[in-house]
Amino acid sequence: MSRAIVLVGPPGSGKGTQAGRLAGRLGMVQVSTGDMLRAAARAGTDKGLKAKALIDSGQLVPDEMIIDMLADRIDEPDTGNGVILDGFPRTLPQAHALDALLDEREMSLSNVIEIAVPDELIVERITGRFACASCGANYHEVYKKPARDGVCDACGATEFTKRKDDTVETVMRRINSYHDQTGPVLPYYSEKGLLASVNGARPIDEVTAALERAVE
Ligand code: AMP
């Protein structure tokens, strides 16, 4: 039976980075609903265009839309060793849908890990983020600069982009939505005995080590 691990955390908690690392180490696949939505928006699909306006303004996309997208993604052939979900579920109805979706596929939810970061840290972390326009490698103006200024470490490209939803105003809205809409997901999993929490305010490698301990 293949398994699923869920990472829950506020914007800027490092869920994406950590999900990628964990997936690599455990031989599982990272599934980021945010990345899926941004790809759909770039591709200009109906769903993508509808999602784009919501993402850019810091609101969640409707549950039905994201649940369908996630189900399709889990049904792709590369998920046989399990999935690390990064950014899903973000609401209680999504958590319920995930239970049903995994049951139908005889997959089990083995861990839900909260990456906790205080609100004060989030704005600084997010507004400094940027990425290589060519390969998507992630950087930060203070915490993770490219070794050579203006040159991507991973692919050598010199063009960079920032996410449109990484502005102070939008981040504030995303933090509020995290507390109001995603907050109730934590007690739901805690009652099931699945929840662990790691301190996401520490350096990236320490958070990775804590996550690895949590999923052992
Ligand atoms: P992220 O890359 O995880 O920060 O997600 C970026 C944006 O995509 C969020 O602010 C939401 O607008 C949207 N999004 C991603 N995942 C979900 C989800 N599970 N439910 C609703 N909206 C989502």
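Along the sequence shown, the residues carry numbers beginning at 1. What you see is a predicted model, and the numbers here were worked out from it, not measured in a lab. Order of listing sets the numbers, starting from 1, for every ligand and every atom in it.
- Under the side-chain hydrogen bond (donor to acceptor under 3.5 Å, both in side chains) criterion, Gln59 pairs with Ser57, sequence neighbours left out.
- Using a 4.0 Å cut-off between charged nitrogen and carboxylate oxygen, Arg73 and Asp35 do not count as a salt-bridge pair.
- Looking at residues two or more places apart in sequence or on another chain, you find a side-chain contact (heavy atoms from CB on, under 4.5 Å) between His140 and Arg129, Val142, Tyr143, Lys144.
- By the 4.0 Å N-to-carboxylate-O rule, Lys52 lies close enough to Asp56 to be salt-bridged with it.
- Partner of Arg174 under the salt bridge (charged side-chain N to carboxylate O under 4.0 Å, His left out) criterion, out of Asp166, Asp119, Asp180: Asp166 alone.
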N/O donor to acceptor pairs below 3.5 angstrom from side-chain atoms of residues 187-199, sequence neighbours left out:
{"residue": "Tyr188", "atom": "OH", "partner": "Asp99", "partner atom": "OD2", "Å": "2.3"}
{"residue": "Ser197", "atom": "OG", "partner": "Glu114", "partner atom": "OE1", "Å": "2.8"}
{"residue": "Asn199", "atom": "OD1", "partner": "Ala201", "partner atom": "N", "Å": "2.9"}

Ligand-protein N/O pairs under 3.5 Å (ligand 1):
{"residue": "ligand 1", "atom": "2 (O)", "partner": "Arg38", "partner atom": "NH1", "Å": "3.0"}
{"residue": "ligand 1", "atom": "2 (O)", "partner": "Arg38", "partner atom": "NH2", "Å": "3.0"}
{"residue": "ligand 1", "atom": "2 (O)", "partner": "Arg163", "partner atom": "NH1", "Å": "3.3"}
{"residue": "ligand 1", "atom": "3 (O)", "partner": "Arg90", "partner atom": "NH1", "Å": "3.1"}
{"residue": "ligand 1", "atom": "3 (O)", "partner": "Arg90", "partner atom": "NH2", "Å": "3.0"}
{"residue": "ligand 1", "atom": "4 (O)", "partner": "Arg90", "partner atom": "NH2", "Å": "3.4"}
{"residue": "ligand 1", "atom": "4 (O)", "partner": "Arg163", "partner atom": "NH2", "Å": "3.1"}
{"residue": "ligand 1", "atom": "5 (O)", "partner": "Arg90", "partner atom": "NH2", "Å": "3.4"}
{"residue": "ligand 1", "atom": "12 (O)", "partner": "Gln59", "partner atom": "O", "Å": "2.6"}
{"residue": "ligand 1", "atom": "16 (N)", "partner": "Thr33", "partner atom": "OG1", "Å": "2.8"}
{"residue": "ligand 1", "atom": "16 (N)", "partner": "Gly87", "partner atom": "O", "Å": "3.4"}
{"residue": "ligand 1", "atom": "16 (N)", "partner": "Arg90", "partner atom": "NH1", "Å": "2.9"}
{"residue": "ligand 1", "atom": "19 (N)", "partner": "Gly87", "partner atom": "O", "Å": "2.9"}
{"residue": "ligand 1", "atom": "19 (N)", "partner": "Gln94", "partner atom": "OE1", "Å": "3.0"}
{"residue": "ligand 1", "atom": "20 (N)", "partner": "Gln94", "partner atom": "NE2", "Å": "2.9"}
{"residue": "ligand 1", "atom": "22 (N)", "partner": "Val61", "partner atom": "N", "Å": "3.1"}

